[in-house]
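Working notes for the structure below.
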Amino acid sequence: MARIRERDSAAFEAIYDGYHRLVFGIALKMLGDAMAAEDLTQAVFLKVWSAPDAYAAGNFGAWIARVTRNRALDVLRSRALRVESDLPADVAFDGSLDDTVFAALDAERVRAALALLPVEQRGAIELGFFGGITHEEIARRTATPLGTVKTRIRAGLRKLRLQLEATVAR
Amino acid sequence: MMHDDSLADSIAVLALGALPEAEAAAVAEHVRTCARCRADYDALRSAANLVGFLAEADASTLDEVTSARMKRNLMQAVRASGSPNAAVAERQIQPAPRAGRSPRPWLAYGALAAAVALGLLSVADDARVRSDNAADVERLAALQDRANSGAAAATAARRASDALERQLAAIVAPGSKHFAIAGGEVVESGGRVLLAFAHLPAPPTGKVYQAWTIARGATGVAPSVTFAPDASGSAVVELPEGAANLGAVAVTVEPPGGSRTPTSKPTFVRKLT
């Protein structure tokens, strides 16, 4: 990213090669439309080029995944078929350095950690991340009490964190 | 602010990004001012941020042609802008081509059409491939320049491209049925049956793939055509048996020329129901 800040297009190309499938995959999963996913992928990488300072530190894949998710939520909002309150908010706080703990984690190890979660916890987390829906909608779709959904998300994220910390420590 | 244990679950949902806006604003305000909740939020948020990695597998539908087109568009924009001004770069970007129909997995087979064309020195009139993506147009234009190497080769190429175009037309025809298999799909269209692969690994050295048909209600298999994917893993194969009374299709790895009975475990068996 330091080279991208210096306007090094070869560095940008390497970033694209390494992460465009992740970005496209998230966009496709959330938007359900290959052409919209293509447009979103290009928009995300343009953001990387035009505002490289937006990335501070930590796992780059996790950062660009969150950027992609937020852009996809914007697209879902712009489709205007939902009222605003049906879509979740994504509130980020600046200055957290905690992500640096997982900076070197790759997709394979993250997927392995996620695979260890109980299916109901993993399902709630996946729906919350990729579904572009609130925990209330998750509860409705899965016919599960709202409090149970929230508890599953919390338990699942805590367990995921512990698994990832164990992975990093190995 | 005083710590509030009752917000623990909501903080987790906030970290995931699945809290409704109004509730998110209230919980976020607490997190900003409560050190314990902020630490909890940060820990869960950094785990939640990694969930996106799961979607990389969904990019398997992203074919090489589309991937290369996106990259070309981006690199053109980046090189043209050379500055950190988003507006400059975004003006350079072309949106994804809209063909007026919904995206389907068979879009990947457009790359196969171009690859076959390159190999056979023709198919300059393949209108579908040309309209589907600009990258193929460039490749076809280069191909056209090379297509003066003999009438016999051109005729063979034309026949091959015509056959491939008919196969692609069958795949996209309204009413065609698509049955997913590893790396592609079985397509039943107008009484024809095709195997269309976008990501088929090369068979072991000295081997080919062979299709097998299973009639409805039958238990035995009948040998069909042999085939191999091109270098990009694409293959479109029409089964000469057709769809009449066909209950299932299977593929195995066999010696060149095929076998009378399967000699290896099927790579897939797909019922056509």
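Since this is a predicted model, take the numbers as computed values, not measurements. In what follows, chains are A, B, ... by sequence order, proteins preceding strands, each numbered from 1.
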Looking at CD1 of A/Ile64 and CG of A/Asn59, how far apart are the two atoms once the value is rounded to the nearest 0.5 Å? 11.0 Å
Which answer fits B/Ala48, side chain, backbone, both or neither, if we ask what part of it has an atom under 4.5 Å from a heavy atom of chain A? both
Report yes if the side chains of B/Asn49 and B/Arg45 come closer than 4.5 Å at any heavy-atom pair, otherwise no. yes
Okay, A/Ala124 and chain B: the region with an atom under 4.5 Å from a heavy atom over there is backbone
In terms of heavy-atom pairs under 4.5 Å, which option from A/Asp17, A/Ile138, A/Val149 contacts chain B the most? A/Asp17
Heavy-atom pairs under 4.5 Å with chain B are the metric here; pick the option from A/His20, A/Arg21, A/Lys29, A/Arg66 that has the most. A/Arg66
Are B/Arg192 and B/Glu188 close enough, and set up right, to give a salt bridge (charged side-chain N to carboxylate O under 4.0 Å, His left out), and what steps lead you there? CA-CA 6 Å; B/Arg192 303 163 68 185; B/Glu188 187 180 329; over 6 Å; no
Which word best sums up how the rings of A/Trp63 and A/Phe60 line up, parallel for under 30°, tilted for 30 to 60°, or perpendicular for over 60°? tilted
Counting only heavy atoms closer than 4.5 Å, note whether A/Phe129 contacts chain B via side chain, backbone, both or neither. both
Does one side chain, of B/Ser10 or A/Lys150, offer a donor that lies under 3.5 Å from an acceptor on the other? yes
Counting only heavy atoms not in A/Arg109, do more than 12 sit closer than 6.0 Å to its CZ atom? yes
A/Leu22 versus chain B, heavy atoms under 4.5 Å apart: side chain, backbone, both or neither? both
Taking every non-hydrogen pair under 4.5 Å, which of B/Leu19, B/Val51, B/Val13, B/Leu62 racks up the most with chain A? B/Leu62
Region of A/Ala107 in contact with chain B, defined by heavy-atom distances below 4.5 Å: both
Hey, are the side chains of B/Leu54 and A/Glu126 touching, using non-hydrogen atoms and a 4.5 Å cut-off? yes
Looking at A/Arg69, A/Arg158, A/Arg122, A/Met30, which has the largest count of heavy-atom pairs under 4.5 Å with chain B? A/Arg69
If you count heavy-atom pairs under 4.5 Å between each of B/Ala18, B/Ser67, B/Ala12 and chain A, which one has the most? B/Ala18
Heavy-atom distance under 4.5 Å between the side chains of B/Glu185 and B/Phe197, does that happen here? no
Top contributor to chain B interface from A/Leu73, A/Leu164, A/Leu28, A/Ile125 [non-hydrogen pairs under 4.5 Å]: A/Ile125
Chain B interface, residue from A/Leu160, A/Asp106, A/Ile26 that has the most non-hydrogen pairs under 4.5 Å: A/Ile26
